Amino acid sequence: MSESNISSNSDPTTDPTIDRTTDTAPGDPQQEVLGGPQGDSTRKDPEEWVTGDEPMTGAQRSYLDTLAREAGEQLPADLTKAEASEHIDRLQSASDRTS
């Protein structure tokens with residue numbers, strides 16, 4: 001029997017389809033990473049946002065305006081995306097709307 005016929009019994013140390021740094025096959029979800037280990041990539045600290053210093057979005061402005069009025073607060077209108085997000089999180093946690 002030739003070596004090509006015994007590929008199903010291939011040695012994991014020489015099999016080119018195995019990534020020996022993680023012992024997973026290509027495309028395995030355990031192998032896929034973006035930006036290194038950081039846990040939940042859908043929730044990032046606003047301080048770490050690449051665009052956090054840009055002006056807040058229209059959606060943030062509208063929602064923040066509603067939350068601030070309900071809380072009886074006034075906030076500056078020139079907040080950054082990151083600042084707006086932090087205020088939204090704070091006001092949401094104190095709001096009956098999101099409890």
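Quantities reported herein were computed from a predicted structural model and do not represent experimental measurements.
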For residues [X] and [Y], report the shortest heavy-atom separation together with the two atoms involved.
X	Y	result
A68	L75	CB-CD1, 4.1 Å
P76	M56	O-CE, 4.4 Å
K81	P55	CG-O, 3.3 Å

Hey, does the side chain of Q60 reach the backbone of T57 with a donor-acceptor pair shorter than 3.5 angstrom?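 The answer is yes, because a donor-acceptor pair under 3.5 Å joins these two groups.
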So does L67 get a backbone contact from the side chain of E70, meaning a donor-acceptor N/O pair under 3.5 Å?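 Here the side-chain-to-backbone pair does not exist.
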Less than 4.0 angstrom from a charged side-chain N to a carboxylate O is my criterion; do R69 and D65 meet it?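 A salt bridge links R69 with D65.
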Which residues share a salt bridge (Lys or Arg N to Asp or Glu O under 4.0 Å) with R90, sequence neighbours left out: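 Partners of R90 under the salt bridge (Lys or Arg N to Asp or Glu O under 4.0 Å) test: E73.
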If you measure from [atom1] on [X] to [atom2] on [Y], what distance do you get to the nearest 0.5 Å?
X	Y	atom1	atom2	answer
Y63	Q92	OH	CD	4.0 Å
D78	R61	CG	CZ	9.0 Å
S85	L64	OG	CG	10.0 Å

